[in-house]
Colleague: 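Next up is a structure, given as structure tokens.
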Amino acid sequence: MKIGYPCINRSIGCKSNKTFRLKSYSEERLIETVDKNLDCLVRILEFNIKHNILFFRITSDLVPFASHPICKFDWQEYFKGRFKEIGNLIESHNIRISMHPDQFVLINSLNNTVFENSLKELNYHVEVLDLMELDTSAKIQIHVGGIYGEKEKSIKRFIERFEKLDETIKRRLVIENDDRRYSLKDCLLLNAETGIPVLFDIFHHELNNSEEKISEAFRLFTKTWRKKDGIPMVDYSSQKKGELKGKHTESIDLEHFKNFLKLTEPFDFDIMLEIKDKEKSALKAMKVALKDDDRFI
DNA sequence: TCACGTCAAGCAGAT
DNA sequence: ATCTGCTTGACGTGA
């Protein structure tokens with residue numbers, strides 16, 4: 001059982017998600033940016049190792065414009081060695097990795113160009129993890145997609161499109177329940193049809209569910225992860241107090257978190273803290289977890 | 001150094 | 001019709 005945070009570390013003074021405008025694209029600019037992003041990724045990982053935070057989501061902005069037609073540069077070859085080194089660092093410290101392509105990745109889009117672009121974007125994510133030579137427990141999480149006014153047809157389209165994906169993508173792809181469109185129940189149905197693992201987002205589940213209790217939800221989604229997929233992943237957040245429903249809290253609510261650990265006691269899983277202050281909350285959560293819970297070594 | 005208009009990409013609910 | 005959230009502001013021009 002591990003705790004992690006996504007993409008950005010706000011304490012160490014560098015970012016691994018630096019980008020630039022399409023208009024200012026040049027090969028030099030790309031190389032320079034990726035170089036710095038990789039440097040920073042190493043620094044973040046070293047920070048995490050030092051603090052026993054062994055789950056991390058790598059930013060999709062690591063290589064800007066990697067899936068855009070403007071990018072003709074063979075960054076894979078150019079940075080091969082660096083990716084491998086980072087992969088070694090990850091593996092030697094047994095760090096769990098995820099990536100989360102953004103909202104433009106839609107397997108079930110009605111628009112074929114959107115689908116084609118999604119494939120390119122997924123391929124880019126796969127390349128990053130493959131260049132690091134990470135095993136298939138390093139996952140790429142996406143939402144199921146749009147509804148387009150016909151949910152059943154859209155689910156069917158997801159299944160058909162998923163079946164035809166390259167094995168390199170399929171072996172890393174997982175779906176996450178979202179807060180408005182596809183619930184845990186929908187994701188479980190998709191798992192039954194395709195075998196794709198379900199990443200459980202507990203905050204989304206609170207906003208969009210079929211009244212499954214937490215223990216029931218855990219019993220169901222954890223079963224969708226096979227041995228080769230690694231330990232099931234969970235996205236954790238809680239409601240920002242006094243704000244609109246669905247707004248993420250600024251910093252971890254430790255009472256809520258302790259209760260969450262209690263409710264999920266029989267299960268083993270890795271927790272991604274989707275909380276604004278990133279590593280700060282991860283440090284707080286680690287402290288609580290190490291003290292109160294023997295699932296954390 | 002700073003203000004601020006705009007930024008690769010989609011969907012859907014809210015206003 | 002336009003804005004906003006999504007995992008997240010921040011790039012870069014003009015002054």
Side-chain angles (χ1 to χ4, degrees), chain A residues 4-10 13-26 29-30 32-33 36-37 40 44 55-71 97-125 139-151 153-155 157-158 161 174-183 199 201-204 207-208 233-240 243-250 252 271-282:
Chain A
Y5 61 95
C7 309
I8 294 168
N9 180 305
R10 308 212 291 197
C14 72
K15 297 213 144 130
S16 62
N17 59 334
K18 279 276 185 193
T19 183
F20 48 87
R21 295 284 178 257
L22 180 57
K23 261 201 223 165
S24 39
Y25 182 92
S26 71
R29 188 74 190 269
L30 180 74
E32 183 199 348
T33 306
K36 285 191 180 149
N37 282 347
C40 185
I44 294 174
F55 187 18
F56 188 65
R57 184 183 298 163
I58 295 175
T59 174
S60 296
D61 288 332
L62 199 63
V63 184
F65 303 104
S67 70
H68 191 281
I70 201 170
C71 178
I97 294 292
S98 68
M99 293 185 84
H100 194 342
D102 58 30
Q103 59 272 31
F104 311 107
V105 170
L106 295 157
I107 298 277
N108 72 354
S109 178
L110 282 172
N111 177 335
N112 207 51
T113 309
V114 172
F115 174 57
E116 294 290 331
N117 290 342
S118 300
L119 288 183
K120 286 183 195 146
E121 185 70 358
L122 285 174
N123 260 323
Y124 151 61
H125 285 77
K139 292 302 187 193
I140 298 169
Q141 64 185 95
I142 57 169
H143 294 291
V144 178
I147 288 176
Y148 312 97
E150 298 177 295
K151 196 168 188 182
K153 277 193 185 170
S154 298
I155 288 179
R157 202 164 46 251
F158 181 97
R161 295 253 177 89
V174 302
I175 45 172
E176 173 191 350
N177 58 305
D178 68 72
D179 56 348
R180 293 211 295 265
R181 306 188 287 244
Y182 293 93
S183 65
L199 186 155
D201 186 309
I202 186 149
F203 191 40
H204 290 161
L207 301 163
N208 179 18
M233 291 179 177
V234 172
D235 281 356
Y236 170 89
S237 183
S238 63
Q239 174 67 36
K240 182 168 177 179
E243 281 273 348
L244 278 178
K245 235 183 159 187
K247 197 125 179 127
H248 289 244
T249 184
E250 285 293 323
I252 191 165
I271 311 170
M272 179 59 62
L273 302 176
E274 289 191 333
I275 295 175
K276 282 228 189 291
D277 69 357
K278 305 284 178 186
E279 77 288 349
K280 276 210 181 78
S281 283

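Every chain is numbered from 1, with letters handed out A, B, ... down the list of sequences.
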Colleague: Less than 4.5 Å apart, side chain to side chain, heavy atoms only: is that true for A:Asp235 and A:Arg57?
Modeller: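 Result yes, sub-4.5 Å side-chain heavy-atom pair found.
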Colleague: How close or far is atom C1' of C:dT13 from atom CZ of A:Phe20, stated in whole angstroms?
Modeller: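 The distance from CZ of A:Phe20 to C1' of C:dT13 comes to 17 Å, rounded to the nearest Å.
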Colleague: Reckon A:His100 has a side-chain N or O less than 4.0 Å from the OP1 or OP2 of C:dT7?
Modeller: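 For A:His100, the contact criterion (side-chain N or O under 4.0 Å from OP1 or OP2 of C:dT7) is met.
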Colleague: Please map the stems of DNA chain C, keeping only stretches of three or more Watson-Crick or G-U wobble pairs with both distances under 3.5 angstrom.
Modeller: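 Listed by first number, the stems are B:1-7 with C:9-15, B:10-15 with C:1-6.
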Colleague: Under 4.0 Å, counting only non-hydrogen atoms across every strand here, what does A:Lys120 touch: a base, just sugar-phosphate, or nothing?
Modeller: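 Counting heavy atoms under 4.0 Å across all strands, no contact is made by A:Lys120.
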Colleague: C1' atom, C:dT7 versus B:dC2: distance in rounded Å?
Modeller: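 Here C:dT7 and B:dC2 have their C1' atoms 28 Å from each other.
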Colleague: What's the closest nucleotide to the side chain of A:Tyr148 if the choices are B:dA8, B:dA12, C:dG9?
Modeller: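 Of B:dA8, B:dA12, C:dG9, B:dA12 is nearest to the side chain of A:Tyr148.
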Colleague: Could you grab the distance from atom NE2 of A:His143 to atom CD1 of A:Ile107, nearest 0.5 Å is fine?
Modeller: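 Reported value, rounded in 0.5 Å steps: 13.0 Å.
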Colleague: Would you indicate which nucleotide in C:dC11, C:dT7, C:dT8 comes nearest to any side-chain atom of A:Cys7?
Modeller: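 Among C:dC11, C:dT7, C:dT8, the one nearest the side chain of A:Cys7 is C:dT7.
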Colleague: Describe the nucleic acid contact of A:Thr59 in one word from base, sugar-phosphate, nothing, applying a heavy-atom distance below 4.0 Å.
Modeller: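 Result for A:Thr59 = nothing.
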Colleague: For A:Leu30 and A:Pro64, work out which heavy atoms get closest and say how close.
Modeller: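 Heavy atoms only, the tightest pair is CD1-O, 3.2 Å.
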Colleague: Can you tell me how far C1' of B:dA9 sits from CG of A:Asn123, to the nearest Å?
Modeller: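 So the two atoms are 16 Å apart, to the nearest Å.
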Colleague: Indicate, with a heavy-atom threshold strictly under 4.0 Å, whether A:Ser67 touches base, sugar-phosphate, or nothing.
Modeller: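 Base contact - A:Ser67 has a heavy atom under 4.0 Å of at least one base atom.
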Colleague: Check residues 13-20 of chain A and write down every donor-acceptor pair under 3.5 Å in which the side-chain atom is one partner and the other belongs to a residue at least two apart or another chain.
Modeller:
none

Colleague: Which residues in residues 101-109 of chain A have a heavy atom closer than 4.0 Å to any atom of DNA chain C?
Modeller: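 Close to the strand are A:Pro101, A:Asp102, A:Gln103.
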Colleague: For A:Asp179 and C:dT7, give me the distance from atom CG to atom P, rounded to whole Å.
Modeller: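 That distance rounds to 7 Å.
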Colleague: To the nearest 0.5 Å, how far apart are CG in A:Leu110 and NZ in A:Lys153?
Modeller: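 That separation rounds to 9.5 Å.
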Colleague: Do side-chain atoms of A:Tyr182 reach the backbone of A:Ile175 as a donor and acceptor pair under 3.5 angstrom?
Modeller: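 No; judged by distance alone, with no hydrogens or angles, the pair does not exist.
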Colleague: Over all strands shown, is A:Phe65 touching base, sugar-phosphate only, or nothing at heavy-atom distances under 4.0 angstrom?
Modeller: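 Counting heavy atoms under 4.0 Å across all strands, the contact made by A:Phe65 includes a base.
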Colleague: Between C:dG12 and B:dA9, how far is it from one P atom to the other, in whole Å?
Modeller: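 Those two atoms are separated by 16 Å.
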Colleague: When you compare C:dT8 with C:dT4, how far apart are their C1' atoms, in angstrom units rounded to a whole number?
Modeller: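 One C1' to the other, the span is 14 Å.
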Colleague: Heavy atoms only: give me the nearest A:Phe203-A:Ser237 pair and the separation to one decimal.
Modeller: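 Result for this residue pair: CB-O, 3.9 Å.
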Colleague: Using the closest heavy atom to pick a nucleotide of DNA chain C for each, name whichever of A:Leu22 or A:Asn17 lands nearer the 5' end.
Modeller: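 The residue mapped nearer the 5' terminus is A:Asn17.
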Colleague: Can a salt bridge be assigned to the pair A:Glu32 and A:Lys36 using a cut-off of 4.0 Å between side-chain N and carboxylate O?
Modeller: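 Here A:Glu32 pairs with A:Lys36 in a salt bridge, since their nearest N and O are under 4.0 Å apart.
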Colleague: Using the closest heavy atom to pick a nucleotide of DNA chain C for each, name whichever of A:Ile275 or A:Arg181 lands nearer the 5' end.
Modeller: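 Looking at DNA chain C, the more 5' nearest nucleotide goes with A:Arg181.
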Colleague: Let me know the distance between NZ of A:Lys23 and P of B:dA8, rounded to the nearest Å.
Modeller: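 These atoms are roughly 8 Å apart.
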Colleague: In whole Å, what separates the P atom of B:dG10 from that of C:dG9?
Modeller: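 The answer is 22 Å between these two P atoms.
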Colleague: So, does A:Lys151 get its side chain near the phosphate of B:dA12, meaning an N or O under 4.0 Å from OP1 or OP2?
Modeller: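 Looking at the OP1 and OP2 atoms of B:dA12, neither is under 4.0 Å from any side-chain N or O of A:Lys151.
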Colleague: Over how many whole Å does the gap from A:Lys15 atom NZ to C:dG9 atom C1' extend?
Modeller: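 Interatomic distance, NZ of A:Lys15 to C1' of C:dG9: 8 Å.
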Colleague: In whole angstrom, give the distance that lies between atom CG of A:Leu207 and atom C1' of B:dG13.
Modeller: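 For the pair A:Leu207 CG and B:dG13 C1', the rounded distance is 13 Å.
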Colleague: Nearest 0.5 Å please: distance from the CE atom of A:Met233 over to the CD1 atom of A:Ile97.
Modeller: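 These two atoms lie 8.5 Å from each other.
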Colleague: Got A:Asp201 and A:Glu274 here, is their nearest side-chain heavy-atom distance under 4.5 Å?
Modeller: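 Heavy-atom side-chain distance check passes, below 4.5 Å.
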Colleague: Report the distance from atom CG of A:Asn112 to atom P of B:dG10, rounded to the nearest whole Å.
Modeller: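 So the two atoms are 14 Å apart, to the nearest Å.
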Colleague: Touch check for A:Ile147, heavy atoms < 4.0 angstrom, all strands: base, sugar-phosphate only, or nothing?
Modeller: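 The answer is sugar-phosphate, as A:Ile147 gets under 4.0 Å only of primed atoms, P, OP1 or OP2.
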Colleague: For A:Phe56 and A:Tyr5, run ring-ring contact (aromatic ring centres under 6.0 Å, His included): C-alpha distance rounded to whole Å, both residues' side-chain angles, the deciding distance at 0.1 Å, then the answer.
Modeller: CA-CA 6 Å; A:Phe56 188 65; A:Tyr5 61 95; 5.3 Å; yes
Colleague: Given the C1' atoms of C:dC6 and B:dA3, what is the spacing between them in whole Å?
Modeller: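 Here C:dC6 and B:dA3 have their C1' atoms 27 Å from each other.
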Colleague: Counting only side-chain nitrogens and oxygens, does A:Ser24 get under 4.0 Å of the OP1 or OP2 atom of C:dG12?
Modeller: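 The answer is yes; a side-chain N or O of A:Ser24 sits under 4.0 Å from OP1 or OP2.
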Colleague: Is the shortest side-chain N/O distance from A:His204 to OP1 or OP2 of C:dT7 below 4.0 Å?
Modeller: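 Yes, because at least one side-chain N or O of A:His204 sits under 4.0 Å from OP1 or OP2 of C:dT7.
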Colleague: Given atom CD of A:Glu121 and atom P of B:dG10, what is their separation to the nearest angstrom?
Modeller: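 About 12 Å, once rounded to whole Å.
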